[in-house]
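Data first, discussion second: the structure below is written as structure tokens.
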Amino acid sequence: MATVMQKIKDIEDEMAKTQKNKATAHHLGLLKAKLAKLRRELLTPMSKGGGGAGEGFDVTKSGDARVGLVGFPSVGKSTLLNKLTGTFSEVASYEFTTLTCIPGVIMYRGAKIQLLDLPGIIEGAKDGKGRGRQVISTARTCNCILIVLDAIKPITHKRLIEKELEGFGIRLNKEPPNMTFRKKEKGGINLTSTVTNTHLDLDTVKAICSEYRIHNADVHLRYDATADDLIDVIEGSRVYTPCIYVVNKIDQITMEELEILDKLPHYCPISAHLEWNLDGLLEKIWEYLSLTRIYTKPKGMNPDYDDPVILSSKRRTVEDFCDRIHKDMVKQFKYALVWGSSAKHKPQRVGKEHELEDEDVVQIIKKV
């Protein structure tokens, strides 16, 4: 482990010393690929049976979505968890009170949202310091991340946490790179593009691919991609997670300071202790999770508005709805009747590929 850490440090030092220009782009691309491989090596011990993620970190995923609280020690994550979920997570004024992963559940708009209070991240977590590795591996399984920041302490905390999460392949508020990467048997490395490239040229692409022992592949770019984007696609283990920057303890700063913070994108000001704007935070979490509520309607009865079926906005067809209720339901499926904004008329008779909208009502008709 120490040798991997040393190699990572050496590469980071070399990258810091290297000037960024066209002549060094090829060399920097190669260093970035080496760095990504070493970071992956740091994570591998986690996935080899046995030790698992460490005591307190094997939290079973439950509910309709999972939200992780990440932040430096003593920024108020435990207080926030207590106020939102009623779960007790020890709170104290000294650092590192929370040493294991504490789960709680928020019931909001009919959905069960699991909230995890992850132990305070310290700088260097991605390099295995503190319990950073376990924290970040658990953060990778979340549908949304709340980075809790202290309003009194500078925004540098934000940058440090982003760097830690980026280092472990968590991409915050980003879409997957819009490029095609296809390995092939022969023909070398081909680079094609529909736009002008300012970051990547054929030599840089070849250098990155050779670091991964890939000698034959077609790379097609649909936007001005960087070396980091290409590495992300080759690695294939990146997670793209929505993130909200929760600025806590706003009761301790001036209105002028609050207005400066207000310019941050993806930002939500709160005071967990005084319970200021917790409703606003819940609303923002709901928006970032992008969930769809579907109400069921048994034949000859009124719809059940108390217990919606929760679907992801990316997977909300009638078939996804059936799978969520019972895996065998699709086999007996004949057609569905839908009321709501996705239906052209009320009710509309649809097949299993029909896309549902939030708060639609669905009745499944089974084969006799």
Side-chain angles (χ1 to χ4, degrees), residues 59-69 80-87 103-117 141-146 239-244 246 266 268 277-367:
V59 179
T60 310
K61 204 166 184 176
S62 70
D64 301 302
R66 173 182 263 196
V67 174
L69 291 170
L80 184 58
L81 180 92
N82 297 347
K83 301 281 186 189
L84 289 177
T85 67
T87 305
V105 175
I106 306 168
M107 295 301 295
Y108 189 67
R109 296 190 185 179
K112 277 185 192 160
I113 300 167
Q114 187 183 42
L115 191 64
L116 299 184
D117 177 13
T141 66
C142 295
N143 305 99
C144 177
I145 287 175
L146 304 186
V239 290
Y240 297 86
T241 311
C243 167
I244 301 167
V246 182
H266 312 290
C268 185
N277 199 30
L278 295 188
D279 289 347
L281 175 60
L282 282 172
E283 219 161 286
K284 205 157 187 130
I285 291 171
W286 180 262
E287 179 197 329
Y288 277 54
L289 284 173
S290 187
L291 299 174
T292 304
R293 292 161 295 177
I294 308 297
Y295 302 113
T296 54
K297 182 187 181 307
K299 198 172 180 181
M301 292 165 71
N302 288 328
D304 179 3
Y305 291 114
D306 297 325
D307 191 15
V309 174
I310 306 290
L311 302 176
S312 144
S313 62
K314 292 189 178 84
R315 299 191 56 187
R316 51 189 168 89
T317 62
V318 172
E319 186 170 356
D320 295 322
F321 169 78
C322 291
D323 286 341
R324 191 88 176 129
I325 295 171
H326 196 281
K327 60 181 187 296
D328 290 335
M329 194 176 244
V330 175
K331 293 175 190 166
Q332 303 165 306
F333 179 87
K334 188 176 181 187
Y335 62 90
L337 295 173
V338 176
W339 292 259
S341 50
S342 77
K344 290 183 182 128
H345 37 85
K346 316 280 188 281
Q348 184 183 349
R349 181 174 164 158
V350 299
K352 54 189 173 190
E353 58 292 320
H354 176 80
E355 287 228 334
L356 299 164
E357 296 286 340
D358 191 32
E359 298 203 271
D360 277 359
V361 173
V362 177
Q363 181 182 331
I364 302 293
I365 309 296
K366 296 180 182 177
K367 292 173 188 163

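Computed from a predicted structure; not experimentally measured.
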Given side-chain contact (heavy atoms from CB on, under 4.5 Å), test Leu278 with Leu80 step by step and report yes or no.
-> CA-CA 9 Å; Leu278 295 188; Leu80 184 58; 3.7 Å; yes
CG of Leu337 to CD1 of Ile365, rounded to nearest 0.5 Å, is 4.5 Å
Only one of Leu289, Val309, Ile310 passes side chain to side chain contact (heavy atoms under 4.5 Å, CB included) with Asp64, and that residue is Ile310
Just wondering, do Val67 and Leu115 contact through their side chains at under 4.5 Å, heavy atoms? yes
Value for CG (Asn143) from CD1 (Ile113), rounded to nearest 0.5 Å, stands at 9.5 Å
d(Met301 CE, Gln363 CD) to nearest 0.5 Å is 10.5 Å
Does the side chain of Ile364 come within less than 4.5 Å of Val318's, by heavy atoms?
-> yes
Checklist entry - Take atom NZ in Lys327; do more than 12 heavy atoms of anything else shown fall under 6.0 Å from it? => result no
The reported gap from OG1 in Thr292 to CD in Glu359 (rounded to nearest 0.5 angstrom) is 10.5 Å
Using the side-chain contact (heavy atoms from CB on, under 4.5 Å) rule, take Ile244 and Leu146 through it: C-alpha gap first, then chi angles, then the decisive distance, then the call. CA-CA 5 Å; Ile244 301 167; Leu146 304 186; 3.8 Å; yes
Practice prompt. Answer yes or no: are there more than 12 heavy-atom neighbours, outside Arg109 itself, under 6.0 Å from its atom CZ?
Written response: yes
inquiry  = Strictly distance-based, threshold 3.5 Å: is any side-chain N or O of Arg66 a donor or acceptor partner for the main-chain N or O of Gln114?
reply    = no
* Asked: Would you say the side-chain atoms of Ser313 pair up with the backbone N or O of Ser290, donor to acceptor, closer than 3.5 Å?
  -> yes
CG of Asp117 to CG of Leu69, rounded to nearest 0.5 Å, is 5.5 Å
Notebook entry, point to check: Any side-chain heavy atom of Arg324 sitting closer than 4.5 Å to one from Met329?
Noted result: no
Of Asp358, Asp360, Asp307, Asp306, the one forming a salt bridge (Lys or Arg N to Asp or Glu O under 4.0 Å) with Arg293 is Asp358
Residues Val350 and Phe333: closest non-hydrogen pair is O-CZ, 4.1 Å
In terms of heavy-atom contacts, Lys366 and Lys334 come closest through C-CB, 3.8 Å
Worksheet entry | Min side-chain heavy-atom separation Ile285-Tyr108 under 4.5 Å | no
For the residue pair His266 and Tyr288, establish whether any side-chain heavy-atom pair is separated by less than 4.5 Å. yes
*asked:* Just so I know, are the side chains of Ile325 and Phe321 near enough to count as touching, which here means a heavy-atom distance under 4.5 Å?
replied: yes
Between Glu357 and Ser342, the two heavy atoms sitting closest are CG-CB, 3.5 Å
Distance col, row Trp286:CH2 vs Leu281:CG, nearest 0.5 angstrom, shows 14.5 Å
Nearest heavy-atom contact between Tyr295 and Asp304 is CD2-O, 3.5 Å
